[in-house]
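This report refers to the structure that appears directly beneath it.
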Amino acid sequence: MESVATAIRAALLTADPRAKCFAARGTARRWRKGELVWRFDVDMPDQPARPERPELLAPNHMPKRGKFGSERARIALWHSLAHIEFVAIDLALDMAGRFGEAMGTEFVSDFLYVAADEAMHFALLARKLRSLGSDYGALPAHGGLWEAAHSTRHDVAARLAVVPMVLEARGLDVTPVTLERVTAAGDHSGARILSRILDDEIRHVGFGTKHFLECAKKAGKPADSMWKDLVREHFRGALKPPFNDSARLAAGLSREFYEEVAL
Ligand SMILES: [Fe+2]
Ligand SMILES: [Fe+2]
C-alpha cells in the first residue's frame, strides 16, 4: 500500500491547478478510507510545484486593482482569493506531510481534511473567474505566500502559530467585509462562495488552535505566551484590528491570544 507521505508529496509536486486539486482531494479521501498506510518515508519538498501562470510578483509590484466596482477590479478580487486558496492547498498538505509523523493520526486527518476544503475553495473561485471571462493564471499573483511556511519548516508550533492562527484567522476578519460588499453589489453566487469559505475557515483555525494547545501542553508552557513569542519571532507583519472576535472565538482563539500582539 502507498504511504501517506508519498501521496502527500505527489500532490505537493503537482503543478497544474486542476490536477493539484484532484490530487489533494484524492489523498484526503484515500486516507479517510484507510487506503494509505501510516509511513513517513519521503521528505516534503522545500517548495511545492507551481504552474507557469500566474506570474508571481513581490506584493509591492502588484498592479493596481482598478476602480472599485469595475469589471477589472472584480476579476482582480476573485483572482487574488483564488491564489490564496491555491497556496492554502499546499500549506495544508505540507502541514500533514511534514509534521504528521510527530503529531499523530488526528493531526494528519485534520489537515488532509483542510487540504480537501482548500481544493474545493479554489475550484469554486476558479469557476467564478471563468464565469467572468477570466481564469486563474490570467493575472499576476502575490509571490510571498509560501514564505511563512518556509520560515517555520522546522517547528510545528511555529507553523501552527503563524499559518492557521495568524494568516487564516486574518481571513476570518476580512472575509465578512468582502462578503458584505459582494452582497451589496448583487453578486449572489459570489456571496455564496464567500459564506462557505468563511464557515470552513473557522474550522481550519480551530484545528490549528487545537493542535497548538497540544504543543504548548507538551512543552509545559502557557499557550498564550508561547504563541506570542512564536508570532513575534516568525511573523513579520502586524496583527491589525478590527478583529472578528465572534468567529475567532468560535475557532477557539480568545482575545487573550491576539490582543497584546496587536498593539
Ligand atoms: Fe480556504
Ligand atoms: Fe483554510
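First listed ligand is number 1; within each ligand, the first listed atom is number 1. Just so you know, residue 1 is the first one in the sequence shown, and it goes up from there. Note: hydrogens, waters and symmetry copies are ignored here, and every other heavy atom, side chains too, is used.
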Report the name of the N/O/S atom of [X] located nearest to the Fe ion (ligand 2).
| X | value |
| --- | --- |
| Glu118 | OE2 |
| Glu201 | OE1 |
| His204 | ND1 |

In terms of side-chain geometry, is the basic nitrogen of [X] or [Y] positioned less than 4.0 Å from the acidic oxygen of its partner?
| X | Y | result |
| --- | --- | --- |
| Arg170 | Asp173 | yes |
| Lys221 | Asp229 | no |
| Arg203 | Asp199 | no |
| Arg50 | Asp90 | yes |

| field | Neighbour count >12 (heavy atoms, 6.0 Å) for atom CZ, Arg255 | value | yes

| message | With carbon and hydrogen excluded and only N/O/S kept, which atom of Glu85 is nearest the Fe ion (ligand 1)? | response | OE1

Kindly confirm whether the Fe ion (ligand 2) is within less than 2.8 Å of some N/O/S atom in [X]?
| X | answer |
| --- | --- |
| Asp200 | no |
| His121 | no |
| Glu168 | yes |

| Taking the six-membered ring for Trp, is the centroid-to-centroid distance between Phe111 and Phe99 below 6.0 Å? | no

